[in-house]
Every structure is written in C-alpha cells, then in structure tokens.
Engineer: 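Here it is, the structure, as structure tokens.
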Amino acid sequence: MKSKRLKEEWNAIPNRGILPEGSEARMWNNIKKATTDKYKFVYNWIAAACAVFVMFFAGYQFISRNNPTKIEMASTKTFPKDIRLLFLPDGTRVWLNENSEIYYPEKFSGKDRTVTLKGEAFFEVKRDEKRPFIISSGDIKTTVLGTSFSVTAYENKQPEVSVRTGKVKVEGLQNTVFLERGFKAVYSPETYEMQKQKTAVLEPHWKKVLLYVDGLTLGEVIEKLKPEYHFSVNYLDEDLKDLKIQGTLDTRQGFNEMLQTIAFALEIKINPEGNNTFLISR
C-alpha cells in the first residue's frame, strides 16, 4: 500500500519533459530501494526472527517436559574405625559401618525411595506402603516397605542381607528370595545365584557402637545397657526414671563415661555405690 501511494505522489510531480525518460525511471528505482524495499527487508527479518523464537520456545518446552528437574543427591562416606548414624529424608535411620559409602536423594519425590550402598549398613526403614525402599548394592537389589535389616556389599566380601524384623525381597542376577526374621540371603558372584539361609545374628555387632536413645526415658536406656554391662541402679527419686533423653550414645567411650554423659545431659548425678551398683539422684 505504501509503495502504491508513493508511486502516485511521484507521478503527480510536474516533471514531464524536464527529465529524460531513462533518468526518471532510475530516480524512481533509487527512491523505491531507499524507502519501501528497505522496510520490506526489515519486516522480513523481523518475521524470520519471530519464527525462530517460536521454534526455540516450542523446542524448549519439549525439552523441559521430557527432562524433569534434576534430583539433587547427597552422600556419606566412612573411613577405618569410623561408624556413623545418619537420618535419610524420609526418617529412615542408617548405621553406616567403616569403609562404606551411601548415596541418596536430598528429597525422596518419586514412586520409590532408592539409595545406593557400597560397603555395609544396618537400616531401620520408615514404613511407607506407597513408596518401597530400595537398596542397590552391586549385583543385588533389596526392596522393603518398612523393616530393619543389614546389607553387606564390600567389594572383597560375599554380599549378603540379614533381616531383624519384617519382610525383605532380595534380587540377584539369576533369582529372587524373600526373607523374614532369622534368615539371610547370600549372593554368589561366581554363579550369580541368591541362597536363603538361617542365621542367629539379627543385627551386626558393630552396630551396637552407636546406641540410638533419642526419645527414650532414663529407665528405658538403663534397661538397654544392663544386658551388655551387667550393672544395677537405685533411684533416689522414682520420677527420675521418666526423664527423656535425646541423641545417641557412643559405646566406644566406655561404660562409666557413658553414664556421665547421661548425667550431664539430664543434669542429674550417677554415682557408684559398690558391687557394680549406681545411685541416681538430682
């Protein structure tokens, strides 16, 4: 439209007979290039740029839909004579033995709760029937809903899973076994087969290094310690039994030191009376 109007205005100029026919045509072509053709190029460039942007945006939307937000991972690694108790995002407690490593999401958001273990760990899994808890450890995969069990998966040892409570499914490359309390699965790297065996070891001895007492009363903690250390206590006030303790006891510090740790945390006194008997008072 602009080109047509500009042509009409050019023809209306009284230049007939003043300019030669060829010069008049050349002048009009130069004016057209400097005006309408120039804007036409700009419009074409903008249209092409818009088309590229639309294609880019559509491609970005496609990539975004097919590549969900990356899951942030966390890990904990132990060293010789280093045993740790850690809490996973779902509330599961994990005792991690020395020279071990565990990888887990900073937040469990999918249909399951999957972690990767190298080494040995004891799990007390928070029950969630909608999202099974899965431990991937080399050639074996252990699946539970909520139970307690141990997994050994060191590179130089025969992998095995032992159950303390609940039911556990253990999968190898060749077969699958289901375990309950008092049984373990032993995996053979040579045959790739999983064998179900009885076991008297319900939890590994090394796990007792860290005693989880969070939320227990003083009386409950004392009862937990008695079978291992063979002692007795007298309470100056029976209400002292109901004091709540928070945290974890490290048994490596020694029995007497553990008692003093408890006394310090609860602001009480625990003094020996003789014959491996202690008096607990305020």
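If you read the sequence from its start, that first residue is 1, and numbering goes on from there.
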Engineer: What side-chain donor-acceptor pairs closer than 3.5 Å can you find for residues 122-129, not counting sequence neighbours?
Structural biologist:
{"unit_1": "E124", "atom_1": "OE1", "unit_2": "R93", "atom_2": "NE", "d": "3.1"}
{"unit_1": "E124", "atom_1": "OE1", "unit_2": "R93", "atom_2": "NH2", "d": "2.5"}
{"unit_1": "E124", "atom_1": "OE2", "unit_2": "R164", "atom_2": "NH2", "d": "2.8"}
{"unit_1": "R127", "atom_1": "NH2", "unit_2": "E129", "atom_2": "OE2", "d": "3.4"}
{"unit_1": "D128", "atom_1": "OD1", "unit_2": "K130", "atom_2": "N", "d": "3.1"}
{"unit_1": "D128", "atom_1": "OD1", "unit_2": "R131", "atom_2": "N", "d": "3.4"}
{"unit_1": "D128", "atom_1": "OD2", "unit_2": "R131", "atom_2": "NE", "d": "3.1"}

Engineer: Mark yes or no for whether T78, through its side chain, and N99, through its backbone, hold a donor-acceptor pair below 3.5 Å.
Structural biologist: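 Judged by distance alone, yes, a pair lies under 3.5 Å.
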
Engineer: Taking T76 for the side chain and I102 for the main chain, is one N or O donor matched with an acceptor at less than 3.5 Å?
Structural biologist: no

Engineer: Do L210 and M258 belong to the same hydrophobic cluster, where Ile, Leu, Val, Met, Phe, Trp and Tyr are linked whenever their side-chain heavy atoms lie under 4.5 Å apart, directly or via other members?
Structural biologist: no

Engineer: Tell me, do K118 and E155 make a side-chain contact under 4.5 Å, heavy atoms counted?
Structural biologist: no

Engineer: Mind checking whether D112 and T143 have side chains closer than 4.5 Å, heavy atoms only?
Structural biologist: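 D112 vs T143: side chains apart.
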
Engineer: Output all residues satisfying side chain to side chain contact (heavy atoms under 4.5 Å, CB included) with Q197, sequence neighbours left out; order by chain, then residue number.
Structural biologist: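 Residues passing side chain to side chain contact (heavy atoms under 4.5 Å, CB included) with Q197: K184, V186, Q195.
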
Engineer: If you measure from CD1 on I270 to CZ on F264, what distance do you get to the nearest 0.5 Å?
Structural biologist: 13.0 Å

Engineer: Which heavy atom of S281 sits nearest to which heavy atom of I268, and what is that distance?
Structural biologist: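 The pair with the smallest heavy-atom distance is O-CB, 3.4 Å.
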
Engineer: Can you tell if the side chain of L218 reaches within under 4.5 Å of the side chain of K241, non-hydrogen atoms only?
Structural biologist: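 SC-SC contact between L218 and K241 ruled out.
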
Engineer: Using a distance-only test with no angle check, is there a side-chain donor-acceptor pair under 3.5 angstrom linking W206 and E120?
Structural biologist: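 Their side chains do contain a donor-acceptor pair, which is all the 3.5 Å distance test asks for.
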
Engineer: Applying side chain to side chain contact (heavy atoms under 4.5 Å, CB included), can you list everything that pairs with A74, at least two apart in sequence or on another chain?
Structural biologist: Y104, E106

Engineer: Rounded to the nearest 0.5 Å, how far does CG of L240 lie from CD1 of I222?
Structural biologist: 11.0 Å

Engineer: Taking the side chain as everything from C-beta on, heavy atoms only, tell me whether T92 gets closer than 4.5 Å to V115.
Structural biologist: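 No - every pair of side-chain heavy atoms lies 4.5 Å or more apart.
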
Engineer: Working to the nearest 0.5 Å, report the span between CG of D250 and OG1 of T261.
Structural biologist: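 Taking CG in D250 and OG1 in T261, the distance rounds to 9.0 Å.
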
Engineer: Determine whether E223 and K226 make a side-chain contact, defined as any pair of heavy atoms from C-beta on separated by less than 4.5 Å.
Structural biologist: yes

Engineer: Partners of R84 by side-chain hydrogen bond (donor to acceptor under 3.5 Å, both in side chains), sequence neighbours excluded?
Structural biologist: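 side-chain hydrogen bond (donor to acceptor under 3.5 Å, both in side chains) list for R84, sorted by chain: D82.
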
Engineer: What's the separation between atom CD1 in I83 and atom CZ in R252, rounded to the nearest 0.5 Å?
Structural biologist: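 Rounded to the nearest 0.5 Å, the CD1-CZ separation comes to 5.5 Å.
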
Engineer: To the nearest 0.5 Å, tell me how far Q253 CD sits from Q260 CD.
Structural biologist: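 The CD atom of Q260 is 10.0 Å from CD of Q253, to the nearest 0.5 Å.
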
Engineer: Write down the atom of G166, the atom of V163, and the distance for their closest heavy-atom approach.
Structural biologist: O-CG1, 3.5 Å

Engineer: Count I, L, V, M, F, W, Y as connected when their side-chain heavy atoms are under 4.5 Å apart, and connections chain through other members. Are L243 and V233 then in the same cluster?
Structural biologist: yes

Engineer: Mind listing the closest non-hydrogen atom pair of S100 and G119 along with its distance?
Structural biologist: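 Looking at all heavy atoms of both residues, the shortest contact is OG-CA, 3.5 Å.
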
Engineer: I'd like to know if L96 and F133 are part of one continuous hydrophobic network [Ile/Leu/Val/Met/Phe/Trp/Tyr, side-chain heavy atoms within less than 4.5 Å].
Structural biologist: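 Yes; L96 is reachable from F133 via cluster members.
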
Engineer: Does E98 reach the main-chain N or O of K81 with its side chain, forming a donor-acceptor pair under 3.5 Å?
Structural biologist: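 Yes; at least one donor-acceptor contact below 3.5 Å.
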
Engineer: Over all heavy atoms of both residues, which pair between P105 and P89 is shortest? Give the atoms and the distance, please.
Structural biologist: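 Of all heavy-atom pairs spanning P105 and P89, the closest is O-CG, 3.3 Å.
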
Engineer: What pairs with R181 under side-chain hydrogen bond (donor to acceptor under 3.5 Å, both in side chains), at least two apart in sequence or on another chain?
Structural biologist: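 Partners of R181 under the side-chain hydrogen bond (donor to acceptor under 3.5 Å, both in side chains) test: none.
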
Engineer: Under a single-linkage definition using a 4.5 Å side-chain heavy-atom cutoff for Ile, Leu, Val, Met, Phe, Trp and Tyr, are Y154 and I135 assigned to the same hydrophobic cluster?
Structural biologist: no

Engineer: With heavy-atom distances below 4.5 Å as the criterion, would you say the side chains of L86 and V94 are in contact?
Structural biologist: yes

Engineer: Between M73 and Y103, what is the shortest heavy-atom contact and its length?
Structural biologist: CE-C, 4.3 Å

Engineer: Which residues satisfy the side chain to side chain contact (heavy atoms under 4.5 Å, CB included) test with K244, sequence neighbours excluded?
Structural biologist: T217

Engineer: Look at the side-chain heavy atoms of Ile, Leu, Val, Met, Phe, Trp and Tyr, link any pair under 4.5 Å apart, and say whether I245 and L249 land in one connected group.
Structural biologist: yes

Engineer: When clusters are formed from ILVMFWY side-chain contacts under 4.5 Å, directly or step by step, what else is grouped with I134?
Structural biologist: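 Taking Ile, Leu, Val, Met, Phe, Trp and Tyr as members, I134 stands alone, with no cluster partners.
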
Engineer: Please check: side-chain N/O of S137 versus main-chain N/O of L117, any donor-acceptor pairing under 3.5 Å?
Structural biologist: no

Engineer: Using the ring pair (Phe, Tyr, Trp, His ring centres under 6.0 Å) rule, collect all pairs that involve residues 209-260, keeping only residues at least two apart or in two chains.
Structural biologist: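 Applying ring pair (Phe, Tyr, Trp, His ring centres under 6.0 Å) to every pair that reaches into residues 209-260, excluding sequence neighbours, yields F87-Y212, Y229-F255, F231-F255, F255-F278.
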
Engineer: Going by side-chain hydrogen bond (donor to acceptor under 3.5 Å, both in side chains), name the residues that satisfy it together with E273, two or more places apart in sequence or in a different chain.
Structural biologist: N234

Engineer: Going by the rule ring-ring contact (aromatic ring centres under 6.0 Å, His included), which residues pair with Y187 if we only count those two or more places apart in sequence or in a different chain?
Structural biologist: none

Engineer: Minimum heavy-atom separation for D214 to G247, with atom names?
Structural biologist: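 Closest approach of D214 to G247: OD1-N, 2.8 Å.
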
Engineer: Is atom CG of N275 surrounded by more than 12 heavy atoms (other residues, nucleotides or ligands) closer than 6.0 Å?
Structural biologist: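 No, not enclosed.
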
Engineer: Taking the side chain as every heavy atom from C-beta outward, state whether L216 and K224 have any pair of such atoms under 4.5 Å apart.
Structural biologist: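 Yes - at least one pair of side-chain heavy atoms lies under 4.5 Å apart.
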
Engineer: At what distance, to the nearest 0.5 angstrom, does CG of L211 lie from CG of L225?
Structural biologist: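 Atom-to-atom, L211:CG and L225:CG are 6.0 Å apart.
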
Engineer: Can you sort out the partners of S232 under side-chain hydrogen bond (donor to acceptor under 3.5 Å, both in side chains), two or more places apart, ordered by chain and number?
Structural biologist: T277

Engineer: Please output the side-chain donor-acceptor pairs of residues 167-180 that fall under 3.5 Å, not counting sequence neighbours, one pair per line with the distance.
Structural biologist:
{"unit_1": "N175", "atom_1": "OD1", "unit_2": "M194", "atom_2": "N", "d": "2.7"}
{"unit_1": "N175", "atom_1": "ND2", "unit_2": "M194", "atom_2": "O", "d": "2.9"}
{"unit_1": "E180", "atom_1": "OE2", "unit_2": "K196", "atom_2": "NZ", "d": "3.3"}

